[in-house]
Amino acid sequence: MRYLVLSDIHSNLAAFEAVLADAGQFDMVWCLGDVIGYGPQPNECVERLRALPHICVAGNHDLAAVGELDISAFNPDALRACLWTRKELVPTTWEFIQDLPERLVEGDFTIVHGSPRYPVWEYISHHSVALANFSHFDTTYCLVGHTHVPAIYRLGDSPTFCDSVTLPMNEPVPLGEERLLINPGGVGQPRDGDPGASYIILDMESATIEHRRVAYPVTETQSLMLSLGLPRRLAARLSIGW
Ligand code: ZN
């Protein structure tokens, strides 16, 4: 089986389509949440995902859009985009989002949006946070999103040490047997300085992982956002991958 692992589509259909076109053959999409929020095409993104063989967990922006998460901590732009998204959602999208689980286990992979410790909210953006999370899942690997930054944390021989691994681009590498926390980066709003959509291919036949990046027509998404009245800053950040 070949899995397309992606996260944080954030209503950016142009970025999602670019990933699907670039990924080649795959058997299933593993989506790590935040399908919607921020971007201009929430219903279209959900519809596109639903049409594919997939599994998906809930992200904070997904739950916020359907009123299942307190949004008082959102910054003003995120809040505006969230309220816009909420009124755009058609019933089928609403139901899809409401039914998303917070955590899934598939074979040797635990799948969450934020972290296995706090699936919806916690950002794993530092070794210390990664290390504290290894005791919160039983599988060898855990897939997370939420930060919009690709990263892999590896548990060391001693349970008090973990380091990070940088994958070469576009090159399958053996998954290995060490315990890993794997973040594929973001599709619809990358935040690591590269505006291209980031994702991972997991090939279980060859037991390899491959990090990929694909450029998409950013201006297409930006024009749509501006014409729909979404915050300018949210459109602008897509150009610089922040
Ligand atoms: Zn997100």
Side-chain angles (χ1 to χ4, degrees), residues 4-16 18-19 29-42 44-46 48-49 54-71 73-86 88-89 93 96-97 100-104 111-126 129 133 142-151 181-200 213 216 218 221 225 230-231 233-238 240-242:
L4 166 54
V5 181
L6 49 79
S7 191
D8 297 277
I9 297 168
H10 280 300
S11 304
N12 188 338
L13 187 65
F16 188 18
V19 167
V29 177
W30 283 359
C31 177
L32 314 182
D34 276 4
V35 183
I36 62 175
Y38 289 133
Q41 293 177 288
E44 292 85 343
C45 286
V46 166
R48 190 73 174 96
L49 180 61
H54 74 278
I55 54 172
C56 184
V57 290
N60 54 319
H61 284 265
D62 299 320
L63 296 176
V66 296
E68 289 190 7
L69 195 81
D70 178 16
I71 52 176
F74 274 26
N75 68 56
D77 286 339
L79 183 65
R80 233 176 93 197
C82 176
L83 297 176
W84 178 89
T85 301
R86 186 175 293 172
E88 286 296 305
L89 297 187
T93 306
F96 174 85
I97 298 292
L100 293 176
E102 287 187 5
R103 183 188 187 103
L104 287 169
I111 299 170
V112 290
H113 179 63
S115 77
R117 180 167 58 176
Y118 304 115
V120 174
W121 267 117
E122 187 173 43
Y123 291 90
I124 300 185
S125 42
H126 191 269
V129 183
N133 266 284
C142 180
L143 300 171
V144 301
H146 197 36
T147 63
H148 306 197
V149 174
L181 272 159
I182 302 166
N183 189 324
V187 170
Q189 193 202 75
R191 292 181 188 164
D192 61 338
D194 181 338
S198 180
Y199 68 98
I200 272 174
R213 208 90 201 210
Y216 72 94
V218 174
T221 300
M225 289 176 76
L230 283 159
R233 193 171 144 271
L234 292 181
R237 68 189 297 177
L238 297 178
I240 51 169
W242 169 78

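When a ligand or atom number is given, it counts from 1 through the structure's own listing order. Fair warning: this is a prediction, and the values are worked out from it, not measured in the lab.
Residue His148 counts as close to the Zn ion (ligand 1), with an N, O or S atom under 2.8 Å. Residue contacts to the Zn ion (ligand 1): His10 brings an N, O or S atom closer than 2.8 Å.
His113 places a side-chain N or O within 3.5 Å of a backbone atom of Leu32 that can act as its donor or acceptor partner.
Taking the Zn ion (ligand 1) as reference, the nearest N/O/S atom within Asp34 carries the name OD2. The atom name of the N/O/S atom in Asp8 closest to the Zn ion (ligand 1) is OD1.
The SG atom of Cys45 lies 4.5 Å from the CG atom of Leu13; values are rounded to the nearest 0.5 Å.
Side-chain atoms of Glu122 and Asn133 form a donor-acceptor pair, as typed in the model, at a separation below 3.5 Å.
Between Arg237 and Asp77 there is no salt bridge, since no side-chain N of the basic residue sits under 4.0 Å from a carboxylate O of the acidic one.
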